[in-house]
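Every number for a ligand or one of its atoms is a count from 1 in the order of the listing. Keep in mind that what you see is a predicted model, and the values were worked out from it rather than measured.
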Amino acid sequence: MEIFELAGKSIVDMDGAKAAEIAGKGLAEGIPPYDLMTKGFIPGIVKVGELFERGKIFLPELVRSSEAMEKVSGLMNASLSAGNAVKVGTAVIGTVKGDVHDIGKSIVVSLFQANGLAVCDLGRDVPTHKFIEKALEINADIIGTSALLTTTMQGQKELEDLLRKEGLREKFITVVGGAPITERWARRIGADAYAENAIDGVNKVLSLLEQRKSK
Ligand code: B12
């Protein structure tokens, strides 16, 4: 079995020790951490989500697989974020209130950092007003939010509404992501960009920053 397949399997098997071993081996072999994540570990956790949805596994298994995923994400993110020291912009990133999913959000944080963005990571279950307070405090250019539940994606709309209400909408570039999020949702709530994955997020944010500078 090739390493990407083994990586995914270790997550489905809820085997954190194995996952960490494969991550270490992959990095030692010079495989880029983003490839290990997107071609190996992420398909594993997505499979776990499908099994959970189909009632093939239950919450305890979902939790154990996530723990394996969190372990490996920590290792990968440390390698991912070691990059560009040039600061091209500042971002505040977090998972919206009521939502504790943060594996994807943490990958986004690392990749933003690797691409020269200074990031303040607010973590998960972040109240809407917190995003704005922090963004004003550190004079951020970007506010990025992650939502993984159909019930919590409303938090992204709340942020847009609150920014408009406070007359701050034009001050920040907003980018939204997460499994249930779509381009259509982003347009509907008035976000500046939708990102399908972390790389897409980096590209869209860098291009929006560029457009701002040339205005
Ligand atoms: C892992 C997981 C958990 C873990 C989370 C651990 C953690 N620390 O994150 C635990 C076990 C805690 C959990 C709990 C629950 N979960 Co859960 N979980 C998942 C699972 C399997 C994987 C999520 C994940 O990590 N994916 C991998 C990452 C890399 O992908 P990602 O998050 O999508 O992020 C990428 C992109 O979306 C994008 N992106 C994401 N955010 C952002 C933000 C920005 C700014 C940008 C630019 C890009 C970006 O870039 C990322 C990297 O490329 C999903 C299934 C799925 N397919 O999503 C279910 C899933 C999201 N969970 C689900 C459910 C129902 C729950 C629970 C309600 C279960 C329960 N009965 O208690 C609770 C909710 C708890 C809460 N209040 O939040 C459902 C949601 C259904 C729905 N329609 O709302 C899903 C879809 C499973 C399913 N198919 O039923 N879960």
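Not a single heavy atom of M69 sits under 4.0 Å from any atom of ligand 1. Residue contacts with ligand 1 do not include P180, since none of its heavy atoms lies under 4.0 Å from the ligand. At least one heavy atom of L62 lies less than 4.0 angstrom from ligand 1. Heavy-atom separations between K204 and ligand 1 are all 4.0 Å or longer.
Side-chain heavy atoms closer than 4.5 Å link hydrophobic residues (I, L, V, M, F, W, Y) into clusters, and following such links, possibly through other members, connects F52 to I11.
For ligand 1, none of its N or O atoms has an N or O atom of I93 under 3.5 Å away.
Numbered from 1 in the order shown, with element, the atoms of ligand 1 that lie under 4.0 Å from a heavy atom of A179 read 33 (O), 37 (O), 58 (O). Counting atoms of ligand 1 from 1 in the listed order, those under 4.0 Å from a heavy atom of I107 are 29 (C). Close contacts of ligand 1 with E196, meaning ligand atoms under 4.0 Å from a residue heavy atom, involve 36 (C), 37 (O), 38 (C). Close contacts between ligand 1 and G98 involve ligand atoms 76 (C), 77 (N), 78 (O) [criterion: under 4.0 Å to a heavy atom]. Ligand 1 places these atoms under 4.0 Å from at least one heavy atom of N197: 38 (C), 50 (O), 53 (O).
A salt bridge is absent between E67 and R64; no separation between the charged side-chain nitrogens and carboxylate oxygens falls under 4.0 Å. A salt bridge is absent between E50 and K47; no separation between the charged side-chain nitrogens and carboxylate oxygens falls under 4.0 Å.
For the side-chain contact (heavy atoms from CB on, under 4.5 Å) with V175, the lone residue among I93, D192, I142, L208 that qualifies is I142.
Using a 3.5 Å distance cut-off with no hydrogens or angles, the side chains of R124 and S146 do not pair a donor with an acceptor.
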Begin from the C-alpha positions of E158 and I189 and carry the test side chain to side chain contact (heavy atoms under 4.5 Å, CB included) through to its verdict. CA-CA 9 Å; E158 234 179 77; I189 65 173; over 6 Å; no
